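Structure first, commentary second.
Heavy atoms only: backbone and side chains are in, while hydrogens, waters and symmetry mates are out. This one's a predicted model, so the numbers in the text were calculated from it and none came from an experiment.
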Amino acid sequence: MWELKPDWYSPTRLPSDPTTQYDFPGDRFIPNRSLMDLDQAHCLLTTTTKKVFNPNFNEVYRQKLKDKLTLDSEGRPFRMLVFRGSPKSSRRSIRHIDEMQREEVEALDYSTKQYQFRKLPNRETRILDAPNIKNDYYLNVMDWGKNYILAIALGSELYLWNSENGGVQKLLQVGANDYPTSLAWSGDAKTMAIRSLEGHNGRVAATGWNGHILTSGSEDKSIINHDVRAPNNLTSRIKIHTEEVCGLKWSSRGNTLASGGNENLIYIWEASKMSSSNFLYRFNDHCAAVKALAWCPYQSDVLASGGGTKDGCIKIWNTQKGTCISSIDTKAQICGLEWNRHHKEILSGHGFGTIEHRNQLCLWRYPSMTKVGDFRRHASRVLHLCQSPDGITAVSAGADETLRFWEVFGPPTVDNSRISDLDSFLSLKTSPLR
């Protein structure tokens, strides 16, 4: 036995409940200083002790007492003092939180890559013959209605192709010396504007619908709004372009019109003020004719425009402020622009240009305007570009007399491995429109 001097301190042992778990965050047993009184520990180390024998306790008793203090009930060595951490709480350790955060970042990064860097198709999914299509940059003779019917003018004939069942119908045929120069489906796809309208004295190369108002742009340099419900359909006439009007696009909200002309100018019009011929903005940054116009589907005040051969630039405009947001030189004539409604991208169709940039389609990421990819399958320049009602498929019409369909806009394919080589080959079927 030991006789202890006053102020001796015996630290209280932690609960030994077998159901209590303890957390050891490191790889060694390290004292938990929050459970220790360092002043008392110093006292224990420095206080002197001396042995005192009680004659009432013999050697056998002392041995039994020693055994009780050093062995447990099963005879295994027993430690009175064990350095352990505090009981685990329901909250995960910092290490686990870091792992969770890393996993979340990796998952977010993966989903972002799947969203932004999805695999693009190597080629078109379908090819249709388009014999006698006019090789004229200024015309607009292809449109895909909400009824899933693609209208295309081939020379003096107008055809309708049903994308759901593949049926073809010839809707119109005019004289040998005449041909449709523009066509456009109405918003509800119940009406089509096909060719020249009353009020112009030159060809109508551009048309656009805004509800029941049909707007037309002509070689006579004028823009006319027609109310198709009224017998006297002409509601307003504007003549401010100094050359042929070759591009017209209404915004999705129907409150703003963009017009492009062969004199390299873009005019922005407010629907409520068109009768006064007072434009909202005039953009003169292009160096060639502006046919390609497209309003952004997720930013209603953003307009994309493309210039002709001597320009070759895609420009993004803020029509609320009247400023150019960005400009990219594609080094080729821009004949068409289509926004991707599923991802922040824009597709451009090109004609004349440098050897490595002409006759192709390019996909650009918005707003950085970095190129995502390009498609070089047309043998001649791309004349027209439009997209399906569901916004997944784009179709390009080329001077090589082909229509090529591209599944470039939609989400990535879930499992490309299930598509066999035979299926891929059969998807490239060619069928004439007539």
| Between Val408 and Ala394, which heavy-atom pair has the shortest distance, and what is it? | CG1-CB, 4.2 Å
| Checking side-chain contact (heavy atoms from CB on, under 4.5 Å) for the pair Asn340/Gln387: CA distance, chi angles, key distance, verdict? | CA-CA 9 Å; Asn340 185 344; Gln387 63 179 295; over 6 Å; no
| query | If you round to the nearest 0.5 Å, how far is CG of Asn262 from OG1 of Thr242? | reply | 8.5 Å
| query | Is there a side-chain contact between Ile314 and Trp364 (heavy atoms, below 4.5 Å)? | reply | yes
| message | Any carboxylate oxygen within less than 4.0 angstrom of a Lys/Arg side-chain nitrogen, looking at Arg229 and Asp227? | response | yes
| Least distance between heavy atoms, Leu214 atom then Ala193 atom | CD2-CB, 3.5 Å
| said: With heavy-atom distances below 4.5 Å as the criterion, would you say the side chains of Ser218 and Glu244 are in contact? | reply: no
| What do you reckon, are the aromatic ring centroids of Trp339 and Tyr366 less than 6.0 Å apart? | yes
| said: Side chains of His226 and Ser216: any donor to acceptor distance under 3.5 Å? | reply: yes
| message | Under a 3.5 Å threshold, yes or no: a donor from one side chain and an acceptor from the other, between Lys315 and Ser327? | response | yes
| task | Please tell me if the side chains of Thr215 and Ile223 come closer than 4.5 Å, counting only heavy atoms from C-beta onward. | result | yes
| query | Would the Trp269 and Tyr281 ring centres measure less than 6.0 Å apart? | reply | no
| query | What's the shortest heavy-atom distance between Glu338 and Leu385, and which atoms? | reply | OE2-O, 3.3 Å
| request: Using a strict cut-off of less than 4.0 Å between a Lys/Arg side-chain nitrogen and an Asp/Glu carboxylate oxygen, indicate whether Arg203 and Asp178 qualify as a salt bridge. | output: no
| request: Would you mind reporting whether Leu361 and Arg377 have side-chain heavy atoms less than 4.5 Å apart? | output: no
| query | Between Leu257 and Leu248, is a side-chain contact (heavy atoms from CB on, under 4.5 Å) present by the stated rule, with each step listed? | reply | CA-CA 7 Å; Leu257 173 71; Leu248 282 176; 4.2 Å; yes
| message | Using 0.5 Å steps for rounding, measure from the SG atom of Cys335 to the OH atom of Tyr137. | response | 6.0 Å
| query | Looking just at side-chain N and O atoms, do Asn162 and Tyr148 make a donor-acceptor pair shorter than 3.5 Å? | reply | no
| request: Could you grab the distance from atom CG of Leu183 to atom CD1 of Ile152, nearest 0.5 Å is fine? | output: 7.0 Å
| Below 4.5 Å, heavy atoms only, C-beta onward: do Arg126 and Leu403 meet side chain to side chain? | no
| query | In terms of side-chain geometry, is the basic nitrogen of Glu345 or Arg365 positioned less than 4.0 Å from the acidic oxygen of its partner? | reply | no
| message | If only side-chain N and O atoms count, and only distance matters, is there a donor-acceptor pair under 3.5 Å linking Asp400 with His378? | response | yes
| message | For Lys371, is the NZ atom crowded, meaning more than 12 foreign heavy atoms sit under 6.0 Å from it? | response | yes
| Looking only at heavy atoms, which two atoms of Gln360 and Asp374 are closest? And how far apart? | OE1-CB, 3.4 Å
| request: Rounded to the nearest 0.5 Å, what's the gap from CG on Asp301 to OG1 on Thr319? Could you check? | output: 4.5 Å
| field | Side-chain donor-acceptor pair present, His200, Ser222, cut-off under 3.5 Å | value | yes
| said: Between Arg404 and Thr402, is there a side-chain donor-acceptor contact under 3.5 Å, judged purely by atom types and distance? | reply: yes
| task | Please tell me if the side chains of Val395 and Leu150 come closer than 4.5 Å, counting only heavy atoms from C-beta onward. | result | yes
| message | If we count only N and O atoms by modelled type, under 3.5 Å, do the side chains of Thr235 and Asn225 hold a donor and an acceptor together? | response | no
| message | Which heavy atom of Gly351 sits nearest to which heavy atom of Arg358, and what is that distance? | response | O-CB, 3.1 Å
| Going by atom types alone, do Asn135 and Arg381 pair a side-chain donor with an acceptor below 3.5 Å? | yes
| field | Approximate separation, where rounding is to 0.5 Å, of Met274 CE and Asn210 CG | value | 9.5 Å
| query | Are Glu124 and Glu407 close enough that some pair of their side-chain heavy atoms sits under 4.5 Å apart? | reply | no
| said: Just verifying a value: how many Å separate Cys246 SG and Leu293 CG, rounded to the nearest 0.5 Å? | reply: 8.0 Å
| Cut-off 3.5 Å, side chains only: do Trp317 and Ser305 have a donor facing an acceptor? | yes
| field | NZ or CZ of Lys134 within 45° of Tyr179 ring axis and under 6.0 Å | value | yes
| message | Classify the ring geometry of Phe279 against Tyr267: parallel below 30°, tilted from 30° to 60°, perpendicular beyond 60°. | response | perpendicular
| message | Any non-hydrogen side-chain atom of Lys146 less than 4.5 Å from a side-chain atom of Trp185? | response | no
| request: For Thr393 and Trp406, test the side chains for any donor-to-acceptor distance below 3.5 angstrom and give the result as yes or no. | output: no
| Is the number of heavy atoms from other residues, nucleotides or ligands under 6.0 Å of Gln320 CD greater than 12? | no
| query | Looking only at heavy atoms, which two atoms of Ile268 and Ala258 are closest? And how far apart? | reply | CD1-CB, 3.9 Å
